[in-house]
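All ligand and atom numbering here is 1-based and tracks the order in the structure. Hydrogens, waters and symmetry mates play no part in the numbers below; they use all other heavy atoms, side chains included.
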Amino acid sequence: MTTVLKLGGSVITEKDRPETLDGETLAALASAVAESGVEDLVVVHGGGSFGHHHAADHGVSTTEGIRDVDGVMDVHGAMTTLNRFVLSRLHAEDVPAVPVHPFSAAVRDGDGDLTLMTEQVATMLEEGFVPVLHGDGVVHAGEGVTVLSGDEIVTAVATALDADRVGLCSTVPGVLDGDDEVIPRIEEFQSVADVLGVSDATDVTGGMAAKVRELLALGSPAYVFGPDAVPGFLAGEDVGTRIG
Ligand SMILES: Nc1ncnc2c1ncn2[C@@H]1O[C@H](COP(=O)(O)OP(=O)(O)OP(=O)(O)O)[C@@H](O)[C@H]1O
Ligand SMILES: C=C(C)CCOP(=O)(O)O
């Protein structure tokens with residue numbers, strides 16, 4: 001059984017302060033992963049205050065690209081730095097985590113459609129590793145480099161590996177309705193479009209609305225939940241909001 005877990009950038013960093021880790025939360029999540037004993041686990045993490053500030057500073061988004069190599073390296077470099085932090089917290093818990101940097105394994109065509117290489121991810125799982133991917137820059141035909149969100153990576157990896165369980169851990173306990181109550185299940189976009197907003201922090205990839213769209217396109221059920229629910233998700237429970 002293959003599980004894909006995204007650790008939201010808002011969760012593992014202080015999203016309002018550039019390049020600041022939330023080390024305590026990251027350590028707690030790493031320990032939840034280790035204690036779950038889940039096998040065949042792919043971890044993806046978002047950008048938080050490492051990716052999004054640089055992307056916003058350089059005016060790069062998922063559709064508007066840049067060709068300035070310093071800008072490309074600012075975004076990619078910040079994300080590989082964050083990836084090192086995530087790996088080291090997982091290693092501290094004896095999780096056999098290894099890096100996958102999507103910048104070197106993905107491409108968008110002129111229509112913006114993504115191709116992500118995943119053979120290495122599948123082989124890492126077969127060999128007992130826990131691949132850790134992350135939001136990144138991606139070379140984009142006709143645009144230079146655009147932003148690739150961790151949520152798009154989750155969808156691409158989950159589809160390619162035919163994942164059984166997909167979870168997005170964000171700062172919120174689920175997708176919230178107009179009264180800030182968790183919506184237990186979302187089966188189509190229109191019914192929730194009015195309450196779905198963008199992120200309340202610097203975020204170039206579209207916040208909760210983009211997440212729900214990505215996950216509905218997945219074809220298998222996915223969950224959005226907060227950090228407290230990670231052990232439950234990894235134990236196979238229904239947590240937060242079920243999408244699809
Ligand atoms: N209806 C809603 N329910 C829940 N959250 C919402 C809703 N509308 C907007 N949001 C915002 O979406 C945010 C989650 O999206 P965001 O992209 O910041 O999360 P993330 O995946 O943890 O971070 P990152 O994109 O850096 O990986 C929440 O913190 C909240 O501010
Ligand atoms: C901003 C960058 C580079 C990554 C965005 O990934 P996300 O935080 O998952 O949307």
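In terms of polar-atom proximity, Leu176 is counted as a contact of ligand 1, with an N or O under 3.5 Å from an N or O of the ligand. Distances between N or O atoms of Lys15 and those of ligand 1 include at least one value under 3.5 Å. When only interatomic distances are considered, the shortest N/O to N/O separation between Val175 and ligand 1 does not fall below 3.5 Å. The shortest N or O to N or O distance between Gly9 and ligand 1 is below 3.5 Å. Residue Val195 has at least one nitrogen or oxygen atom sitting less than 3.5 Å from a nitrogen or oxygen atom of ligand 1, judged on distance alone. Geometrically, ligand 2 and His52 share a nitrogen or oxygen pair separated by less than 3.5 Å.
Without hydrogens or angle criteria, Arg165 side chain to Phe233 main chain gives a donor-acceptor distance under 3.5 Å. The backbone N or O of Ser49 lies less than 3.5 Å from a partner atom in the side chain of Thr13, making a donor-acceptor pair.
His54 does not count as a contact of ligand 2, since none of its heavy atoms falls under 4.0 Å from the ligand. Not a single heavy atom of Gly150 sits closer than 4.0 Å to an atom of ligand 1.
Here is the list of ligand 2 atoms found below 4.0 Å of a heavy atom in Val147: 1 (C), 2 (C). Proximity to Gly150 (heavy-atom distance under 4.0 Å) selects the following atoms of ligand 2: 6 (O), 7 (P), 9 (O). Here is the list of ligand 2 atoms found below 4.0 Å of a heavy atom in Gly135: 4 (C), 6 (O).
Between the NE2 atom in His54 and the CE atom in Met73 there is a gap of 11.5 Å [rounded to 0.5 Å]. Put simply, NZ on Lys15 and NE2 on His52 are 4.5 Å apart, with the number rounded to the nearest 0.5 Å.
Only the side chain of Lys6 comes within 4.0 Å of ligand 2, counting heavy atoms alone; its backbone N, CA, C and O stay farther away.
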Side-chain donor/acceptor pairs under 3.5 Å, residues 147-164, sequence neighbours excluded:
unit_1: Ser149; atom_1: OG; unit_2: Asp151; atom_2: N; d: 3.3
unit_1: Ser149; atom_1: OG; unit_2: Glu152; atom_2: N; d: 3.1
unit_1: Asp151; atom_1: OD1; unit_2: Lys6; atom_2: NZ; d: 2.7
unit_1: Asp151; atom_1: OD2; unit_2: Lys211; atom_2: NZ; d: 3.0
unit_1: Glu152; atom_1: OE1; unit_2: Arg108; atom_2: NH2; d: 3.1
unit_1: Glu152; atom_1: OE1; unit_2: Ser149; atom_2: N; d: 3.1
unit_1: Glu152; atom_1: OE2; unit_2: Arg108; atom_2: NH1; d: 2.7
unit_1: Glu152; atom_1: OE2; unit_2: Arg108; atom_2: NH2; d: 3.4
unit_1: Thr155; atom_1: OG1; unit_2: Asp151; atom_2: O; d: 3.0
unit_1: Thr155; atom_1: OG1; unit_2: Glu214; atom_2: OE1; d: 2.8
unit_1: Thr159; atom_1: OG1; unit_2: Thr155; atom_2: O; d: 2.7
unit_1: Asp164; atom_1: OD2; unit_2: Thr2; atom_2: N; d: 2.7

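Ring orientation note: the planes of Phe50 and Phe85 are nearly perpendicular, at an angle over 60° on the 30°/60° scale.
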